[in-house]
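Scroll down for the structure; my scribbles are underneath it.
So you know, we letter chains A, B, ... as the sequences are listed, proteins then strands, and number each from 1.
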Amino acid sequence: MSSALIEPQKTRPGTLKLHPIMLWSKLFIPTLRETPAEAEVASHQLLLRAGYVRQLAAGVYSHLYLGNRSLLKIQQIIREEMDAIGAQEFLLPALNPAEVWQESGRWDVMGPNMFRLKDRWGRDLCLGMTHEEIMTAIARGELRSYKQLPQMWYQIQTKFRDEARPKSGLLRVRQFIMKDSYSFDIDAAGLDVAYQKHYEAYRKIFARCGVDVIPVEADSGAMGGSQSMEFMVPSDAGEDFVVVCPACKYAANLEKAESVAVVPGTADPEGDLSPEEFHTPGLKSIADLCAFTGLPDSSQMKSLVMVAGGKPVLALLRGEHQLSETKFSKAVGATEVRPAHPFEIVDWFGAEPGSLGPVGVKNMPVVADVALEGRKNMISGANKTDYHLRNVTPGEDFQAKFVDIRQSQAGDGCTVCGAALEMKKTIEVGHIFKLGYKYSASMGLRVLDEKGAEITPIMGSYGIGVERILASCIEQHHDKNGILMPATIAPFVVAVTPVNQADPLQRAAAEKIYADCKALGIDAILDDRDERPGVKFKDADLVGIPYRITIGKKLPQGIVEMTVRRGGAPASEVAVDAVVAELKKLVDAEVAAAAWSGN
RNA sequence: CGGGGCGUGGCUCAGCCUGGUAGAGCGCCUGGUUCGGGACCAGGAGGCCGGAGGUUCGAAUCCUCUCGCCCCGACCA
């Protein structure tokens with residue numbers, strides 16, 4: 001083996017080399033033939049089998065050499081795009097004193113999700129879940145004048161969250177790498193610019209990493225934020241639902257999605273009828289009533305008793321619809337919302353759950369979903385155990401505030417174009433958020449404007465889950481043989497594989513090809529292991545190396561093979577002298593194709 | 001936090017019901033034969049059966065407690 005190969009390459013000042021030795025035989029790449037029993041989702045299984053990660057504890061993973069190489073490449077892409085919009089990279093402490101979190105009020109709000117600890121003096125500390133407080137603390141100490149704004153600061157580092165239930169490998173963990181950036185602007189217009197810049201940077205980042213994302217409108221929560229968008233990767237391994245319109249661009253988080261309910265299955269009975277009680281012994285569910293009355297669930301009125309801010313509210317929906325707690329809490333202006341306990345219901349209604357309805361309710365507000373507006377002569381509970389009413393007409397037989405409190409469902413009409421909406425399971429990989437003044441106001445960040453008046457800067461925060469990009473990329477791109485990494489974030493771009501390591505000609509050719517790849521900046525690994533070719537091919541496929549140059553039988557005729565992992569096309573024969581140039585062309589084309597081309 | 005499942009060499013698992021000297025395949029080490037999609041033969045190393053307590057002459061196996069991991073649900077700035 002030529003010793004030149006294992007000597008560190010000369011490094012120009014200021015450039016960063018990941019590792020000088022790229023000989024497979026020298027690297028720690030512990031691939032597994034069998035799938036470890038604890039792994040359920042594809043990305044988790046493959047990350048383990050391909051030797052990218054090992055688990056240390058529930059939701060805590062070690063990133064081994066290959067995993068770290070991919071993560072570093074992802075981080076580098078993020079870094080480039082963040083720098084391109086003028087953001088500045090910081091490195092912040094993971095260990096935070098309680099005080100800053102108490103100032104913002106989140107010491108209490110975060111509850112058991114925050115890792116907390118005490119130092120030797122008994123002082124409270126926590127491990128940072130996110131860095132709004134720290135960034136704001138820096139800003140308020142240093143920013144004095146409008147002339148210093150806007151600012152965009154970011155960091156790529158480990159954050160902690162004591163998840164109640166870590167799961168799905170790297171998809172939901174307790175310690176993770178996150179890119180978070182924070183913007184400080186003089187006014188809302190400035191924030192709009194920072195937000196838009198991040199939106200575009202994020203599109204570029206995800207495109208370059210080879211993950212297909214759907215940007216969706218998201219709920220900004222009870223934090224007073226005005227606008228928020230999530231970047232979602234469609235995948236069955238995900239746990240967030242997103243509503244998308246196949247016809248127009250509409251897409252929204254399920255919590256927030258608006259839609260038009262489908263037309264009821266049966267037209268309402270005509271006429272100005274009065275409510276009429278009927279006996280329904282033991283019938284409690286909507287399904288029971290459908291069977292009993294012979295009317296579809298869309299003719300039933302569902303009554304849910306909620307407790308909002310400590311006070312009862314009656315929520316009404318069409319029988320087949322689900323309540324959106326997010327929309328409901330917004331509708332009633334309460335942050336804390338929960339279903340009522342059965343004993344409370346009996347107390348307030350004098351009837352058991354299953355026989356409730358809006359008629360005659362005086363002791364609480366009634367909020368009805370808009371899908372009930374204009375309906376008439378429906379079925380509802382009678383507020384008398386085992387009795388229901390027919391011919392109940394909203395607005396006549398009871399008064400209610402009509403608001404959209406319904407969770408959208410697949411098949412609903414798009415509010416923009418009317419097409420039938422689809423529902424997708426997704427993984428959240430990024431979130432951009434107009435924070436407003438929450439942190440700057442509570443933590444006392446103020447600068448002077450041009451008139452010398454004190455003003456509070458407006459903030460935004462923008463996060464990306466780095467491991468989630470890796471995991472969701474694998475979720476989207478894998479086959480029976482292993483991971484199908486894009487060249488942009490694969491741990492290595494090409495595996496140079498001599499079939500017979502004992503053949504000095506093959507070895508020499510492989511070393512030359514390897515060296516030529518390095519010279520052209522192609523991240524190569526030379527599989528110099530004294531293994532049977534099948535083992536090398538299987539490993540290269542499993543690990544997700546996008547290109548392979550195989551040096552074998554036809555070398556004496558000056559021919560080697562090039563295999564493209566994605567697409568499953570058969571290997572092509574290429575002249576030895578041309579193969580690296582050919583590879584370079586393919587890689588460049590792939591990288592160029594991954595760039596975001598705009599909307 | 002509720003419900004379920006599982007802890008036995010590095011990995012996948014058998015053995016447990018019916019207590020009696022801890023097994024297989026893969027991987028690993030040595031030698032040999034092989035060498036284009038996870039080779040074959042021979043030899044070998046490696047396990048306080050998650051932990052603690054109990055029952056018993058005797059516990060991987062039965063009982064109690066505990067810890068850990070996975071899945072479903074609740075939760076998720």
For [N], give its Watson-Crick or G-U wobble partner with both distances under 3.5 Å, or none.
N	value
B:rU12	B:rA24
B:rG73	B:rC1
B:rA45	none
B:rU64	B:rA52
B:rC17	none
B:rA39	B:rU33

Span that lies between the C1' atom of B:rG54 and that of B:rU61, in whole angstrom: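 Between the two C1' atoms, the distance is 15 Å.
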
Whole-angstrom distance between B:rG47 and B:rU33, as gauged at atom C1': 32 Å

Presence of A:Lys159 side-chain N/O under 4.0 Å of B:rA77 phosphate oxygens OP1/OP2: no

Side chain of A:Ala58 - closest among B:rG38, B:rC70, B:rC71: B:rC70

Of A:Arg172, A:Arg165, A:Lys424, the residue whose pairing with A:Glu239 passes salt bridge (Lys or Arg N to Asp or Glu O under 4.0 Å):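 Only one of A:Arg172, A:Arg165, A:Lys424 forms a salt bridge (Lys or Arg N to Asp or Glu O under 4.0 Å) with A:Glu239, namely A:Arg172.
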
cation_pi(A:Arg468, A:Phe176) dist<6.0 Å, angle<=45: no

Pair A:Asp530 + A:Lys536: basic N to acidic O under 4.0 Å: no

